[in-house]
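What follows is a single structure, written as structure tokens, with notes after it.
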Amino acid sequence: MATRSEFDKIVRGALNNTFLQTALNRATGSFKGMRTQAVAQFEDFEDMRRRARDAKNKVLDNLEYYLTRLEESVTNLGGKVHWAEDGRSVIDYVTNLAGEKGLKRVVKGKSMTSEEIDLNPGLEDAGLDVLETDLGEYIIQLVGERPSHIVGPAIHKTKEEIACLLEERLGMPYTDEPRVMTQAVREELRTRFLQADMGITGANFAVAETGTIVLLENEGNIRMSTTLPKIHVAVMGIEKVVADLNDLSILLRMLPLSAVGQRLPSYVNILTGPGRVQGEGPEEFHLVILDNFRTKVLNDPVMRQVLRCLRCGACLNFCPVYRRIGGHSYPWVYSGPIGVVLTGAAQGPEAAENIAGASTLCKACGSVCPVMIDLPGLIMELRERRAREKTAFSLTAKTIGRLMAAPFGFDMIQSCMGAGSRIVLDSHGKMKHGPDTLRALGEGRVLPRPALEPFHRSMFRGDEE
Amino acid sequence: MSSAREKILGRIRDALTGTGLAEGTEPAPPERKTAEKDRAELLNEFETRWTAIGGQYHYAGSNEALSGILRILLSPFSGKKVCLTDDVRRIVPELPGIVSELNVIECSTHPDSAESAAAGITSVRMALAYSGTLVVTSRNQGELSGSLLPPVHIAIIPSDRIVDTVGEALNNLHAEGQPRGAVFITGPSRTADIELNLVMGVHGPGTVHAVVADF
């Protein structure tokens, strides 16, 4: 975990990186604008958010039922279901599966869940050849970085950096023309798709009623990964289950609208069980249902609602903090307001302390969330929990607490404030003395000057007279 | 393996005894029924949405017009390979004639050969007015590969297959017994991963023609 000074250093680095500032502004500004424009076409958008929220609440409130129902549906279709408590279990399952069949070549669709459990390094350690196939993820994988945005993993890379990378790795002549670079990656990956033994994807939605897995994308790499290889493995968190096609219909619309203002993305893959005919479709379908931190969050009645998250990234695009510091300043793979809350809920308030403290509490995130997660409220909750944790151990806080609880102590501290403020503040309420941290807080602010005599004392004196 | 299952389900059970999420929240009003649209309105909306996201649109009001459009669309592929699904052959019986007349080489929709085709011609199971979307399924042999692997996709859409909403499309698929694979195609394959420059045709087709057959 990053200490406060490490965190400050990372953030300062991001703020001083002029390209990153331009890139973040361009990407989030564009995503934001497209969402706003698209959403304005729906008179009842607020009702749509409520329906999406209800659809997720319904399954989360009855999660055992819907997960076992999903398991049954997938099994009836001839698919296999694996329950994984953590990332290790997913890696072992896929490794064994590949080992049994003597397979090596894996193509992957972009998935935050697989980032969360470090699936790629795990599989590579086991000797598998794992290839990210979303253009942004492919670039990130080549340089060994983490995605910096849920929807645009490589928004922090310059086209010159990408050009150098492709020149080196693909042996193509240097060009920073995005069209030419994209074409080169298409050709390179096309061969790999046709040779792949296994496709691994996440799952945006899994329909309990039908056993259908739904995957949204714009490039076609997920279509490739789920059409060409003989084995398809989908890895989903327990919270991705949806009751039926009716609920799918609202959630399927809300995700791309909130992400980038698309009514639907270029491709929505609606996959129901295995079946290969003339080279199309997987012979085997495996659904991995992952817990990792999720039941822990479910067990926290306040934080529980973050499990509604669709991973659309709208809260990132609208967050004034994310828009300046970027995804790599966050402590975990999940960034933006949802990242703050997921980190705090999964790893404890201390893990999210610095980043939650950096929130401006403008509440923009809460107002755009398609499933109405109270992100600002939960960020405040994390701050409070952390403050409580810290005061529980701090002698100063305990002493002040005790003092303030007693009438004479309360009176004494108030008197001190009146006198103290006259030393620290000048006549205009500007801070002129005192420790640097206090002065930094007072900078640009005009502070009130407490009376020399506390109000309650003069009031009581008045009564006596 | 089953123990992980029991542990996860047990933890879920423990977590949810007491209160759930929906507790105390006013449920959302049900979805408003959209007014029934006639075919012309659906066609119109489909065209607007489809062209807005970069799809090519063609309207054929008669069999002759359809043949004419296909001749124009196929003429650049003279001497090149094009794959056709059986279903599109059935819907447009003139198609094989046009193909051979233009000296276009027909090939199979099997991925091994569709992969090297210059264009894929398929029908669609449905089209969706809400978003300007084509629906292809594994039910028609070769429709998934033919609409994915070649750089150009030409889709023939009988106008009575245009539906209004996402919900209708999902329910229709379900009513037919949920195909193994269905894909909603909304415009060309696209990416904006390099400094947000929009590029068409990353892994899927960069050009998609929707030919509406309305007769």
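Naming: A, B, ... by sequence-line order, numbering from 1 per chain.
With a 4.5 angstrom heavy-atom cutoff, A:Arg53 touches chain B only via side-chain atoms. A:Glu71 touches chain B through its side chain: at least one heavy atom from C-beta onward sits under 4.5 Å away, while N, CA, C and O do not. When heavy atoms are compared at a cutoff of 4.5 Å, A:Ile222 does not approach chain B at all. Only the side chain of A:Leu189 comes within contact range of chain B, with at least one heavy atom under 4.5 Å from a heavy atom of that chain. Interface remark: A:Phe31 contributes side-chain atoms only to the contact with chain B (heavy atom separation under 4.5 Å). Contacts between B:Leu128 and chain A at a heavy-atom distance below 4.5 Å involve the side chain alone, from C-beta outward. Heavy atoms closer than 4.5 Å to chain B are found nowhere in A:Tyr138, neither backbone nor side chain. Residue B:Thr133 touches chain A through its side chain alone, counting heavy-atom pairs closer than 4.5 Å. Using a 4.5 Å cut-off between heavy atoms, A:Leu245 contacts chain B through both its backbone and its side chain. Proximity to chain B (any heavy atom under 4.5 Å) is restricted, for A:Ala84, to the backbone atoms N, CA, C and O. Residue B:Ser147 touches chain A through both its backbone and its side chain, counting heavy-atom pairs closer than 4.5 Å. Residue contact with chain B, scored on non-hydrogen atoms closer than 4.5 Å, involves the side chain of A:Gln41 exclusively. Contact annotation for A:Leu271: both backbone and side-chain heavy atoms come within less than 4.5 Å of a heavy atom of chain B. Within the 4.5 angstrom heavy-atom criterion, atoms from both the backbone and the side chain of A:Leu60 approach chain B. Only the side chain of A:Leu228 comes within contact range of chain B, with at least one heavy atom under 4.5 Å from a heavy atom of that chain. The parts of A:Ala154 that come within reach of chain B are both its backbone and its side chain, each placing non-hydrogen atoms under 4.5 angstrom from that chain. With a threshold of 4.5 angstrom between heavy atoms, A:Leu194 approaches chain B through side-chain atoms but not through N, CA, C or O. Using a 4.5 Å cut-off between heavy atoms, B:Glu143 touches chain A through its backbone atoms (N, CA, C, O) alone. In this structure, the portions of B:Glu31 lying under 4.5 Å from any heavy atom of chain A include both its backbone and its side chain.
Taking every heavy atom of both residues into account, B:Asp193 and A:Gly136 meet most closely at OD2-N, 2.6 Å. When all heavy atoms are compared, the tightest approach of B:Pro111 to A:Gly279 is CG-O, 3.3 Å. Taking each heavy atom of A:Arg223 and B:Val136 in turn, the nearest pair found is NH2-CG2, 4.2 Å. Heavy-atom minimum distance, A:Arg190 versus B:His203: NH2-O, 3.0 Å. Nearest heavy-atom pair, A:Tyr267 versus B:Gly204, reported as atom, atom and distance to 0.1 Å: OH-CA, 3.8 Å.
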- Task: Assess whether side chain to side chain contact (heavy atoms under 4.5 Å, CB included) is satisfied between B:Leu170 and A:Ile270, documenting all intermediate values.
- Result: CA-CA 9 Å; B:Leu170 290 173; A:Ile270 302 172; 3.9 Å; yes
- Task: Please lay out, stage by stage, how B:Thr25 and A:Arg50 fare under the test side-chain hydrogen bond (donor to acceptor under 3.5 Å, both in side chains).
- Result: CA-CA 10 Å; B:Thr25 34; A:Arg50 287 192 196 99; over 6 Å; no
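Between the side chain of A:Glu280 and the main chain of B:Ser145, a donor-acceptor pair closer than 3.5 Å is present. When atom types are taken as modelled, the side chain of A:Asp54 and the backbone of B:Ala28 share a donor-acceptor pair closer than 3.5 angstrom. Put simply, the side chain of A:Asp61 gets close to the backbone of B:Leu21: a donor and an acceptor are under 3.5 Å apart. Side-chain atoms of A:Ser266 come within 3.5 Å of backbone atoms of B:Pro188 as a donor-acceptor pair (strictly under, hydrogens ignored). Between the side chain of A:Arg263 and the main chain of B:Thr186, no donor-acceptor pair closer than 3.5 Å is present. A side-chain donor-acceptor contact under 3.5 Å links B:Glu195 to the backbone of A:Lys159.
Between B:Ser189 and A:Glu217, the closest side-chain pair of non-hydrogen atoms is not below 4.5 Å.
Atoms OG1 and CZ, on A:Thr182 and B:Arg190 in that order, are 13.0 Å from each other to the nearest 0.5 Å. To the nearest 0.5 Å, the span separating CD1 on A:Ile238 from CD1 on B:Ile12 amounts to 4.5 Å. Rounding to the nearest 0.5 angstrom, the gap separating the CD1 atom in A:Ile289 from the CZ atom in B:Arg5 is 8.5 Å. The CG atom of B:Asn171 lies 7.0 Å from the CG atom of A:Asn246; values are rounded to the nearest 0.5 Å. For the atom pair CD1 of B:Ile8 and CG of A:Leu290, the computed distance is 7.5 Å after rounding to the nearest 0.5 Å. Expressed to the nearest 0.5 Å, how far CD of A:Glu160 lies from CD1 of B:Ile194 amounts to 11.0 Å.
Of all the listed residues (A:Leu67, A:Ile213, A:Ile155, A:Thr158), the one sharing the greatest number of non-hydrogen pairs under 4.5 Å with chain B is A:Thr158. When each of B:Asn197, B:Val135, B:Leu149 is checked for heavy-atom pairs under 4.5 Å with chain A, B:Leu149 comes out on top. When the candidates A:Pro301, A:Gly211, A:Pro265 are compared by the number of heavy-atom contacts under 4.5 Å with chain B, A:Pro265 comes out ahead. Looking only at heavy-atom pairs under 4.5 Å with chain A, the residue among B:Glu23, B:Met200, B:Gln141, B:Glu26 that has the most is B:Gln141. For the set A:Leu216, A:Val297, A:Val277, the entry with the most heavy-atom pairs within less than 4.5 Å of chain B is A:Val277. The most heavy-atom pairs under 4.5 Å with chain A, out of B:Thr17, B:Leu173, B:Val166, B:Leu16, come from B:Leu16. The residue among A:Glu137, A:His156, A:Arg304, A:Met181 with the most heavy atom pairs within less than 4.5 Å of chain B is A:Arg304.
Between B:Arg11 and the choices A:Glu85, A:Lys296, A:Glu64, the side-chain contact (heavy atoms from CB on, under 4.5 Å) rule is met once, by A:Glu85.
Atom CZ of A:Arg179 is surrounded by 12 or fewer heavy atoms from other residues, nucleotides or ligands within 6.0 Å.
Taking the six-membered ring for Trp and thresholds of 30 and 60 degrees, A:Phe42 and B:Tyr130 have ring planes inclined between 30 and 60 degrees apart.
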